[in-house]
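Bear in mind the structure is a predicted one, so any value in this text is a computation, not a measurement. All heavy atoms count here, side chains included; hydrogens, waters and symmetry mates do not.
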Amino acid sequence: MTAEQGRAARRRFATLGRSVALFKAFLVEQTDPDRFYGLLADDSVRQVSGYTGLAGRTVLDVGGGPGYFAAAFRGAGAYYVGLDPDVGDFSAADSAEGMLRGSGTALPVRTGSVDVCFSSNVLEHVSEPHRMLDEMARVTAPGGVLFVSFTPWLSPWGGHETAPWHWLGGERARRRYERRMGHPPKNRYRETLFPVSVADALRWARGNRQVEVLDALPRYHPWWARWVVRVPGVREVASWNFVLVLRRAGGQPEGAPPAAVGTREEPAAAEKQELTGGRVAM
């Protein structure tokens, strides 16, 4: 697929109907998580496929969680390995096979060992987002793709369950939530939720010689709303959820064979051994 063909395919995919469907599913995230996260996983695989082929590629999902993305990526023919600090998330969806336990800021993965490094809505939960981005770039093979999405702090959903009161301050929003609900929020300001901006992510990408920027866009918007990312200030609010797509520098030309790890017939344990050198256990 040429670059022009890729852009055309992404435009056909990013329709207003898709945006409406995702928004409707988001409204039932708490009551019907299977519907929302299943749809999001399938949507994410289609989105990543607009930048690189997935069949036969090794995909590392940083913050893989309960495994909704595992089925979607494997369904596209990828060798999927998810990583999460909480092993309990794996068992919640019976998805422990092929998963690693570890931190996004110190990935227990060999340098240059994955073709696609993917992360969905994790960066805002990391106290050192630049370190996580550095680690994702490190483990990606030259020519491989990094796909990182996160919710900017000034997004309407930036405070997560404390939104939109986070616009008046993270601590104030947290206290309000505790008063109303009788318990602290899951996403606690500067403990498990940190203010990350679109501008900061773009500065990191443009100043890092290990990567080149392929795309920067609002994740759930139709293609004609991409302009919001080009407007400082506006993009922090209007993008809602931001995606940064990068290519690891020093790679093979488009269409070259992937640097896949192992073969499809190998067991998950063997693939994990290749990726980690046997240093990580579940």
Would you say that [X] contacts [Y] through its side chain, given a criterion of any heavy-atom pair below 4.5 Å between the two side chains?
X: Val229; Y: Pro218; value: yes
X: Thr111; Y: Val139; value: no
X: Ser44; Y: Arg219; value: yes
X: Arg10; Y: Tyr51; value: yes

Could you tell me whether [X] and [Y] have a side-chain N and a carboxylate O separated by less than 4.0 Å?
X: Arg226; Y: Asp215; result: yes
X: Asp84; Y: Arg101; result: no
X: Arg203; Y: Asp200; result: yes
X: Glu178; Y: Arg174; result: yes

With sequence neighbours left out, write down each residue that passes salt bridge (Lys or Arg N to Asp or Glu O under 4.0 Å) with Arg188, or none if nothing qualifies. Glu191
Please report the interatomic distance [atom1]([X]) to [atom2]([Y]), rounded to the nearest 0.5 Å.
X: Thr15; Y: His221; atom1: OG1; atom2: NE2; result: 14.0 Å
X: Arg74; Y: Tyr80; atom1: CZ; atom2: OH; result: 7.0 Å
X: Ser155; Y: Arg235; atom1: OG; atom2: CZ; result: 14.5 Å
X: Glu212; Y: Arg206; atom1: CD; atom2: CZ; result: 13.5 Å
X: Leu146; Y: Cys117; atom1: CG; atom2: SG; result: 5.5 Å
X: Leu123; Y: Met136; atom1: CG; atom2: CE; result: 8.5 Å

For this output row, return yes or no: ring centroids of Trp240 and Phe23 closer than 6.0 angstrom. no
Pair Phe150 + His125: ring centers closer than 6.0 Å: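 No - the distance between ring centres of Phe150 and His125 does not fall below the 6.0 Å cut-off.
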Candidate pair Arg247 and Thr52, rule side chain to side chain donor-acceptor pair (under 3.5 Å), full reasoning: CA-CA 10 Å; Arg247 189 181 304 282; Thr52 182; 5.8 Å; no
Could you check whether any side-chain N or O of [X] sits under 3.5 Å from a backbone N or O of [Y], counting only pairs where one atom can act as donor and the other as acceptor?
X: Thr140; Y: Val145; result: no
X: Glu29; Y: Phe36; result: no
X: Arg57; Y: Asp115; result: no
X: Ser119; Y: Val62; result: yes
X: Glu161; Y: Asn187; result: yes
X: Arg138; Y: Val109; result: yes
X: Glu124; Y: Gly158; result: no
X: Ser239; Y: Glu236; result: no

By ring pair (Phe, Tyr, Trp, His ring centres under 6.0 Å) - contacts of Phe194 (at least two apart): none
May I ask you to check whether over 12 heavy atoms, not counting those of Trp157, lie within 6.0 Å of atom CH2? yes
Indicate the atoms forming the closest heavy-atom contact of Gly159 with Trp153, along with that distance. CA-CZ3, 4.1 Å
List the atom of Ala201, the atom of Leu244, and the distance in Å for their closest heavy-atom pair. O-CD2, 3.8 Å
Matching residue for Phe69 among Tyr37, Phe147, Phe118 - test: ring-ring contact (aromatic ring centres under 6.0 Å, His included): Phe118
